[in-house]
Every structure is written in C-alpha cells, then in structure tokens.
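The chains referred to below are lettered A, B, ... by the order of the sequence lines, with proteins before strands, and numbering in each begins at 1. Note that these values count all heavy atoms, side chains included, but never hydrogens, waters or copies made by symmetry.
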There are 2 protein chains.
Amino acid sequence: MAGATAPLLGLQKKSLREQALAALRAAITSGELEPGRHLVETELSEMLQISRGTLREALRQLEQEGLLSAGPRGRLSVRHLDAKEIRDIYSVRAALESLAARTLCELPDRQHVIGSLRSAIEAMAAAEQSSLQDRVESDLEFHRTLCRLTGNETLLHSWESLEGSIRMSIMFAGQDKGVMNMSVDRHYDIVAAIETGDASLARNTIREHMETAAANLVA
Amino acid sequence: MAGATAPLLGLQKKSLREQALAALRAAITSGELEPGRHLVETELSEMLQISRGTLREALRQLEQEGLLSAGPRGRLSVRHLDAKEIRDIYSVRAALESLAARTLCELPDRQHVIGSLRSAIEAMAAAEQSSLQDRVESDLEFHRTLCRLTGNETLLHSWESLEGSIRMSIMFAGQDKGVMNMSVDRHYDIVAAIETGDASLARNTIREHMETAAANLVA
DNA sequence: TACACTCGATCTGTTAACAGTCGATGGTAC
DNA sequence: GTACCATCGACTGTTAACAGATCGAGTGTA
C-alpha cells in the first residue's frame with residue numbers, strides 16, 4: 001500500500017469500511033499486494049488506519065468476491081490464479097455477457113443502447129495511447145455498460161462480483177499479454193451484432209472475444 | 001427467529017459468524033424474516049446471542065448475496081423481489097446452468113457425471129411425498145451438482161451466490177406455484193441431453209426448464 | 001544427538017463500550 | 001392552530017481490549 005504511515009483513506013464521505021474495501025481492491029488488482037501474499041489483520045488495520053472490526057467487514061466482502069482465499073484458521077491470503085482458473089473465470093464471464101447481448105438484442109428499440117455502447121468504445125479509443133491501467137479501465141467499463149444497459153440488476157451484480165477476478169486475471173498475465181485484448185475493432189463487432197438484433201450472432205461474437213482474450217492471457 | 005431467548009446457534013464447531021450466517025439465511029429464505037422486514041442489529045445480535053461485531057460480518061455477506069438490501073444510513077432490510085426481478089434472476093441462473101450443461105457435454109467421458117446426476121434425481125424422486133421444504137432442497141441440490149460437476153469453481157461460486165435469491169423467489173411464489181417446478185421428468189430430460197453430448201440441445205432444455213419455472217413463479 | 005516439553009509470540013475470534021447522526025416528540029412563541 | 005426549536009431515543013459506525021488456539025524457539029534430559 002502506498003506509504004504505510006500516510007492516511008491512505010482520504011476525506012471522502014463514504015464509510016471507512018467502503019474506503020477500506022476500495023483501497024484493498026485497488027491494492028490487490030494492481031499487484032501491490034501480490035498473489036499468495038498472506039494478509040495479517042493487524043498489519044492491514046494499521047496501514048489503513050482503521051480498526052480491525054471495520055477492516056474485517058471489508059475482508060469478508062473481498063473474500064466473497066474471490067480476491068482473497070481463506071486458509072486454515074481463517075488465515076486470508078491474496079488469491080492466486082492458475083491458467084485453468086482464468087479460463088474458468090472467462091467462461092462464466094462469457095456466459096453472463098452473452099446473456100447481456102441477447103437481452104439487448106431483444107429490445108424493441110435499441111438505438112439508445114447502441115449509442116451508449118458506441119460512446120464507451122470511443123472512450124476506449126481515446127485511451128489507446130494512455131497507460132495500460134487506463135485502457136483496462138475503459139475496456140471493463142464497456143463490458144460493465146453492456147450488462148448495465150440490460151436493466152437486469154442481478155446480471156450486473158453477478159458481473160461485478162466477477163470483476164475483481166477478471167482484473168486479477170489481466171494482472172496475472174502482465175502487460176504484454178493484456179494489451180491484445182482491448183482492440184477497439186472487436187468491440188465494434190459486438191455492438192454491430194447487437195444492432196442487427198441477431199441474438200446468436202451477438203452471442204458468438206462475445207464468446208469468441210472472450211475465448212480469444214482468455215487464450216491470450218494464459219498463453 | 002425461533003424463540004427469541006433460545007440459544008439459536010447450537011454447539012457446532014463452526015465460527016459464530018458462520019453459524020449466524022446460516023441461521024439468518026435460513027430465517028430469510030424460510031420467510032421467518034419476511035421481505036421488507038427491517039433488520040436492527042441490536043435485535044438480531046440479541047436473538048442470535050452474538051455480539052454486533054460478529055453479526056455485522058455475517059450481514060455484509062448476506063447483503064452481497066442479495067438477500068438484504070441497504071437503505072439510507074446503512075439500514076438493512078430483507079430484500080423484496082418483484083416479478084421482474086424473479087425473471088431476471090432466473091435469466092442469470094439459466095445462463096450459468098447452460099454453461100454448466102455445455103461444459104459437461106464437452107467432457108470426453110461423461111458416465112460418472114451422468115451417474116451423479118441420476119442419483120440426484122433419484123433423491124428428488126424419493127422426496128416427492130415429503131414436505132415442500134425437502135423437495136426444494138433436493139431440487140436445488142440437483143442443480144448445484146450440475147454446476148459442481150463441471151469442476152469450474154467460479155461457476156459454482158457464482159451459482160451459489162445466486163442460490164439465496166433463487167430460494168427467495170420460490171418462497172415469494174408460495175407453495176402452490178413452487179410445486180410445479182420440480183418435476184422429476186424434466187430433470188431426466190436435462191441429463192439425457194447431456195448424455196447425448198449435444199450442447200445446444202442441453203442448453204435449450206435448461207433454458208426451457210428455467211423459463212417455465214420463472215413463468216410459473218410469477219404467474 | 002535426538003526427543004519431549006514448556007514458554008512465549010503471533011493472530012484470529014469475539015465482545016462491550018463510545019461516538020455521531022437522524023428522526024420523533026413535546027413544548028413554546030406568535 | 002401553526003411553525004419553530006430543543007431534547008431525547010434509537011441505530012449504525014467505529015474502536016480498543018480480552019480470550020483462545022497454534023506454531024516455533026529454546027531448554028532440559030536420556
């Protein structure tokens with residue numbers, strides 16, 4: 001974490017628990033807390049300048065998001081993903097986003113949806129020369145938008161529960177591999193498929209996109 | 001909860017937090033804590049005979065499972081599902097179980113899988129004259145098995161995150177409607193489809209099963 | 001040297017108490 | 001009667017401290 005003594009948690013209005021949650025999530029998905037790293041509650045609470053009780057609530061949530069794995073006696077460590085797990089995560093991700101695409105295809109009026117998705121892609125294009133971090137953000141934002149636009153809160157929530165694992169997968173692969181998965185063109189293909197309203201085309205496009213991405217990550 | 005003064009949490013070896021989690025989940029999905037019911041931490045901690053700190057960790061998890069919804073200032077209440085939400089939940093469920101079925105179809109040797117699934121259906125058949133509670137349990141156990149057999153831990157975890165919502169959906173509908181969704185025959189169809197190895201047949205069978213179930217629940 | 005035992009450090013599980021905030025209640029001025 | 005204000009009660013947010021368990025170092029003995 002950035003500077004053990006600094007007040008890592010800023011002066012926002014959210015609860016300390018939420019701030020801790022965000023800080024820990026960022027630390028894990030950025031690799032600052034590397035996979036396999038053992039987490040000690042007293043250390044973390046000191047770093048984050050919050051009490052253990054508050055910290056533990058945040059840890060429970062991270063555990064359920066799959067960013068932490070519990071060892072014997074409640075010892076928590078940063079989850080380590082192997083190639084199979086990454087493929088598995090992307091399989092589930094593909095299933096969820098396929099559902100999203102299919103749902104959007106079935107909407108009678110998709111113009112608004114298409115517009116929103118195109119905007120998201122433009123944001124990706126604008127970030128093409130930025131840091132990897134920014135590019136990943138805009139990429140994930142596109143896919144999150146895909147789920148959000150369905151209006152299916154459960155779908156969005158399930159996807160977001162997976163988001164941390166997705167980020168870890170990308171981080172696991174490292175810079176060189178992560179780059180290839182964020183082609184703007186491929187995302188236009190997805191939007192184009194949705195625009196036609198052809199659900200199986202949209203589904204196949206998503207699935208291919210995900211299979212390619214997963215394959216690149218574990219290569 | 002059963003008898004406010006009784007030591008609801010037995011003498012198991014699991015942590016108090018896990019016991020509380022299980023007890024609350026059961027109370028919610030059984031309707032003992034009815035949808036919309038406002039939850040007060042001090043009340044619950046007294047009922048469960050645990051401290052608020054421990055209780056709060058369990059509440060965070062239930063919140064993320066979608067059994068509780070947060071109101072202003074962190075006030076929690078039992079989530080209330082409307083018809084659309086039930087349909088949405090079953091859409092996601094269908095997507096996940098379709099992935100499970102497809103994954104199983106792609107296994108080179110499915111005999112062991114088929115055997116396990118048949119056993120699960122036999123358990124359902126054996127429970128046909130039992131209470132609705134038992135029948136729901138055996139039904140969910142079949143579907144959980146479907147996900148577990150894929151060996152995709154992420155898929156199983158996503159499904160289990162949805163399980164509470166599924167139970168609430170069934171409860172919401174009440175006895176009369178819930179009954180129709182647990183036909184043994186329909187489940188044999190699913191297994192038969194997997195046995196043929198025809199992924200799209202399996203997927204369609206699952207999806208029809210889910211659509212029928214959701215339609216019955218909201219009827 | 002090998003083995004067993006004790007002591008101590010380390011961490012998690014759990015609890016009780018304090019603090020701040022929002023809403024309701026009741027009283028008072030106009 | 002109404003509007004405003006003070007006070008009180010009810011909850012959540014947060015914290016520090018206690019308890020119990022496990023692991024390893026170090027010591028004593030055969």
* Taking only the side-chain heavy atoms of B:Ser51 (C-beta and beyond), determine which of D:dG13, D:dT15, C:dT14 contains the nearest atom. =>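 When the side chain of B:Ser51 is considered, C:dT14 is the closest of D:dG13, D:dT15, C:dT14.
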
* Asked: Can you find a side chain N or O atom of A:Arg73 that sits less than 4.0 Å from OP1 or OP2 on C:dC11?
  ->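 It does not, given that no N or O in the side chain of A:Arg73 lies less than 4.0 Å from OP1 or OP2 of C:dC11.
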
* Within the structure, does a side-chain N or O atom of A:Thr54 lie under 4.0 Å from either OP1 or OP2 of D:dT15? ->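 Affirmative; the distance criterion is met.
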
Looking for any heavy atom pair under 4.0 Å, which part of the strands does [X] touch: base, sugar-phosphate only, or nothing?
| X | result |
| --- | --- |
| B:Gly74 | sugar-phosphate |
| A:Arg56 | base |
| A:Arg17 | sugar-phosphate |
| B:Leu39 | sugar-phosphate |

* Quick one: do B:Arg135 and B:Asp139 satisfy salt bridge (charged side-chain N to carboxylate O under 4.0 Å, His left out)? Show the steps, please. => CA-CA 6 Å; B:Arg135 299 175 64 187; B:Asp139 179 64; over 6 Å; no

Separation of [X] atom [atom1] from [N] atom [atom2], in whole Å?
| X | N | atom1 | atom2 | result |
| --- | --- | --- | --- | --- |
| A:Arg52 | C:dA16 | CZ | P | 16 Å |
| B:Leu44 | D:dA10 | CG | P | 17 Å |
| B:Glu18 | C:dG13 | CD | P | 9 Å |
| A:Glu41 | C:dG13 | CD | C1' | 9 Å |
| A:Leu55 | C:dG13 | CG | P | 12 Å |
| A:Glu43 | C:dA9 | CD | P | 18 Å |
| B:Glu57 | C:dT15 | CD | P | 11 Å |
| A:His38 | D:dC23 | NE2 | P | 12 Å |

Taking NZ, NE, NH1 and NH2 as the nitrogens, is one of them in [X] or [Y] under 4.0 Å from a carboxylate oxygen of the other?
| X | Y | value |
| --- | --- | --- |
| B:Arg167 | B:Glu163 | yes |
| A:Glu122 | A:Arg118 | no |
| A:Arg25 | A:Glu65 | yes |
| A:Arg207 | A:Glu97 | no |

